[in-house]
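Take a look at the structure set out below.
Throughout, residue positions are numbered sequentially from 1 according to the sequence presented.
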Amino acid sequence: MGVRDAGRNQMGAASVDGTVSDLDLLRAHVAGDRDAFAELFRRHRDRLWAVALRTLGDREEAADALQDALLSAHRAAGRFRGDSAVTTWLHRIVVNACLDRIRRRQAHPTVPLPDGRHGPDDGPATGGVEPAAPVRDHDTAMVIRDALAALPLEQRAALVLVDVQGYPVAEVARILGVAEGTVKSRCARGRARLAVMLGHLRPGNGPTAGSGPNVPEVTGGNPEASSGVRSGSGRSRPAARQQEEA
């Protein structure tokens, strides 16, 4: 079955809106269509890349993790049970690949390259769009990135998905395979740690009170349930809490 045929239902009729769903593309891939999985990846590449980059904080590591995840998804497509959205399934594989790399890195530490970044003309390693820095000030962005990297893995994954990428708590629970209350608890503990680590960035806590860069607010995420993460949906949310000067 080809990509063009994937938009037809079991009765052979074309889908109502004339588009091919993610599930149809995955089924077409399992049936042997060589283009179906590439189209599925093209749809969600930027969001998957953003999650990998924010979770790992290193472009080369993120590119490797994303490649590992896509190879796993490519091979495991036939075992997809359809009990969640295809995008949820893809995000879960990407997050797990990132966490696996972090665990291996902690078990076998190496000397990293400075910031793990390419030159300005190299472009994103995956061909996708690199997410914008959490704040305009680069030094502050680096501090926030390092603070996120210092969080325990589970808290970091939850905060990246909820507060940085803006996914609903219910969707993050499906991605991580935990209860919604667990996601909320991990986010709360992560925010508390960030508040301590980034407290010096708050206006009034330094020698240049009121003139330093603003640290955007860490939100509680979107509590509404979602039927699945959609490419291009949600707005990037910074990973630090701003408190107004008393």
Side-chain angles (χ1 to χ4, degrees), residues 22 44 46-57 62 65-66 69 81-103 106 131-135 140-141 143-202 214-244:
D22 290 343
H44 305 292
D46 292 348
R47 295 305 297 268
L48 297 173
W49 165 245
V51 168
L53 184 58
R54 293 298 190 209
T55 303
L56 288 164
L66 185 57
R81 299 188 300 272
D83 53 357
S84 64
V86 173
T87 47
T88 300
W89 176 71
L90 288 173
H91 278 74
R92 183 184 303 131
I93 294 175
V94 170
V95 170
N96 286 337
C98 291
L99 297 182
D100 286 344
R101 294 190 74 86
I102 293 173
R103 294 186 184 102
Q106 291 175 342
V135 290
T140 305
V143 171
I144 295 173
R145 189 201 69 176
D146 292 343
L148 276 172
L151 293 176
L153 299 186
E154 292 79 8
Q155 294 175 19
R156 186 196 313 184
L159 276 179
V160 165
L161 291 168
V162 175
D163 285 350
V164 180
Q165 296 304 125
Y167 294 138
V169 169
E171 185 63 23
V172 173
R174 287 190 285 269
I175 292 172
L176 298 179
V178 298
E180 292 184 34
T182 301
V183 174
K184 295 177 181 178
S185 176
R186 290 176 181 178
C187 287
R189 292 197 300 270
R191 292 177 193 129
R193 287 173 178 263
L194 287 179
V196 173
M197 289 186 284
L198 301 176
H200 63 286
L201 296 179
R202 297 171 185 163
N214 290 329
V215 181
E217 179 183 4
V218 175
T219 70
N222 183 356
E224 298 297 328
S226 170
S227 58
V229 178
R230 298 184 181 275
S231 177
S233 66
R235 296 181 178 177
S236 176
R237 299 186 179 180
R241 177 176 295 276
Q242 179 184 21
Q243 296 185 355
E244 296 182 359

Strictly distance-based, threshold 3.5 Å: is any side-chain N or O of Arg54 a donor or acceptor partner for the main-chain N or O of Val160? no
Between the CG atom in Leu148 and the CG atom in Leu194, the distance rounded to the nearest 0.5 Å is 5.5 Å
Taking every heavy atom of Ala157 against every heavy atom of Val95, the minimum-distance pair comes out as CB-CG1, 4.3 Å
Discussion item. Just by distance, no angles: are the side chains of Thr182 and Arg186 close enough, under 3.5 Å, to form a donor-acceptor pair?
Written reply: no
Scanning both residues in full, the closest heavy-atom pair of Ala65 with Leu56 reads CB-CD1, 3.6 Å
Taken to the nearest 0.5 Å, the spacing of Ile175 CD1 from Thr87 OG1 works out to 7.5 Å
Checklist entry - Do the non-hydrogen side-chain atoms of His44 and Val86 ever get within less than 4.5 Å of each other? => result no
Taking every heavy atom of Leu151 against every heavy atom of Gln155, the minimum-distance pair comes out as CD2-OE1, 4.2 Å
In this structure, OG1 of Thr88 is separated from CD of Glu171 (nearest 0.5 Å) by 3.0 Å
Taking every heavy atom of Gly57 against every heavy atom of Arg145, the minimum-distance pair comes out as O-NH1, 3.3 Å
Closest non-hydrogen atoms of Leu159 and Cys187, given as atom of the first, atom of the second and distance, are CD2-O, 3.9 Å
Here the gap from Ile93 atom CD1 to Asn96 atom CG, rounded to the nearest 0.5 Å, amounts to 8.0 Å
Interatomic distance, CZ@Arg156 vs CZ@Arg193, rounded to 0.5 Å, equals 11.5 Å
Value for CG (Leu198) from CG (Asp146), rounded to nearest 0.5 Å, stands at 10.0 Å
* Asked: Below 4.5 Å, heavy atoms only, C-beta onward: do Glu154 and Val178 meet side chain to side chain?
  -> no
Closest non-hydrogen atoms of Ala97 and Ala69, given as atom of the first, atom of the second and distance, are CB-CB, 3.9 Å
Please walk me through it: do Arg101 and Thr55 pass side-chain contact (heavy atoms from CB on, under 4.5 Å)?
-> CA-CA 10 Å; Arg101 294 190 74 86; Thr55 303; over 6 Å; no
The salt bridge (Lys or Arg N to Asp or Glu O under 4.0 Å) partners of Arg92 (sequence neighbours excluded) come to none
